[in-house]
Amino acid sequence: MVLLETVKAHYDRLAETYEKRWRSYNQSQIEWVLQHWPKQNNPQTVLDLGCGTGLMLQKIKERYPDITMTAVEASRGMLIQAQQKLPSANF
């Protein structure tokens with residue numbers, strides 16, 4: 001439990017600068033996911049475990065505007081960033 005609290009505190013501190021500090025990594029990760037997204041009908045729902053600042057979900061929402069999003073994040077700081085970006089998501 002101590003490890004979980006330590007990790008959460010670390011990401012709370014990173015939350016406001018995370019997207020700038022990890023821009024290249026985030027961009028390559030998002031591109032990979034979107035390239036490998038199933039080519040079937042438009043998805044109706046998506047669940048993001050460890051959503052961070054919500055950047056991935058934001059890009060998915062841009063592609064699929066009618067999608068219902070559910071996001072889980074342990075870090076309060078990251079969660080706040082995601083909620084600001086995605087007010088229509090379920091957290």
Side-chain angles (χ1 to χ4, degrees):
M1 196 61 152
V2 172
L3 178 59
L4 176 61
E5 294 305 317
T6 302
V7 170
K8 285 171 40 175
H10 173 73
Y11 280 96
D12 284 346
R13 286 189 303 274
L14 285 177
E16 292 202 21
T17 61
Y18 179 79
E19 289 180 19
K20 290 178 186 168
R21 295 175 97 188
W22 291 90
R23 184 181 316 260
S24 295
Y25 170 76
N26 288 331
Q27 186 60 39
S28 63
Q29 184 181 42
I30 290 166
E31 287 174 9
W32 188 92
V33 167
L34 292 177
Q35 286 173 1
H36 292 85
W37 197 271
K39 304 274 189 269
Q40 304 161 346
N41 296 336
N42 288 344
Q44 295 179 3
T45 61
V46 66
L47 169 63
D48 189 349
L49 300 174
C51 70
T53 62
L55 188 59
M56 175 79 70
L57 283 177
Q58 183 180 40
K59 298 302 181 185
I60 292 169
K61 185 73 170 173
E62 288 172 6
R63 183 178 277 191
Y64 304 103
D66 296 328
I67 199 167
T68 299
M69 300 176 297
T70 300
V72 177
E73 176 55 56
S75 162
R76 181 79 180 132
M78 292 285 199
L79 189 60
I80 289 168
Q81 297 289 320
Q83 289 172 321
Q84 290 172 353
K85 215 179 252 104
L86 303 159
S88 65
N90 300 305
F91 291 94

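Sequential numbering from 1 along the given sequence is applied to the chain's residues.
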**Asked** Which residue pairs pass the side-chain hydrogen bond (donor to acceptor under 3.5 Å, both in side chains) test when at least one of the two sits in residues 78-91, sequence neighbours left out?
**Response**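 Counting only pairs at least two positions apart or across chains, the side-chain hydrogen bond (donor to acceptor under 3.5 Å, both in side chains) contacts touching residues 78-91 are E19-K85.
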For the hydrophobic clusters of this structure (ILVMFWY residues joined by side-chain heavy atoms under 4.5 Å, transitively), does one cluster hold both [X] and [Y]?
X   : Y   : answer
I67 : L47 : no
F91 : Y11 : no
W37 : L86 : yes

**Request:** Under the side-chain contact (heavy atoms from CB on, under 4.5 Å) rule, what do Q44 and T68 come out as? Steps first, then yes or no, please.
**Result:** CA-CA 6 Å; Q44 295 179 3; T68 299; over 6 Å; no
Heavy-atom pair of closest approach, residues [X] and [Y]:
X   : Y   : result
A71 : C51 : CB-SG, 3.6 Å
Y25 : S28 : O-OG, 3.0 Å
D48 : M56 : OD2-CB, 4.2 Å
L57 : M69 : O-SD, 3.8 Å

**Prompt:** Got a sec: does the OH of Y18 have more than 12 other heavy atoms crowding it under 6.0 Å?
**Reply:**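 Enclosed.
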**Prompt:** Distance-only, no hydrogens or angles: does the D12 side chain make a donor-acceptor pair with backbone N or O of G77 under 3.5 Å?
**Reply:** yes
**Item:** N/O donor-acceptor pair under 3.5 Å between R63 side chain and L34 backbone
**Value:**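 Confirmed, R63 side chain pairs with L34 backbone.
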**Request:** Using a 4.5 Å cut-off on heavy atoms from C-beta on, say whether the side chain of Y64 contacts that of V46.
**Result:** no
Roughly how far, to the nearest 0.5 Å, is [atom2] of [Y] from [atom1] of [X]?
X   : Y   : atom1 : atom2 : result
I80 : T53 : CD1   : OG1   : 12.5 Å
M78 : E16 : CE    : CD    : 11.0 Å
D66 : T45 : CG    : OG1   : 13.0 Å

**Prompt:** Do you see a donor-acceptor pair shorter than 3.5 Å between the side chains of E31 and Q27?
**Reply:**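 Yes, a side-chain donor-acceptor pair sits under 3.5 Å.
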**Asked** W32 vs H36 aromatic rings, parallel, tilted or perpendicular, using cut-offs 30° and 60°?
**Response** parallel
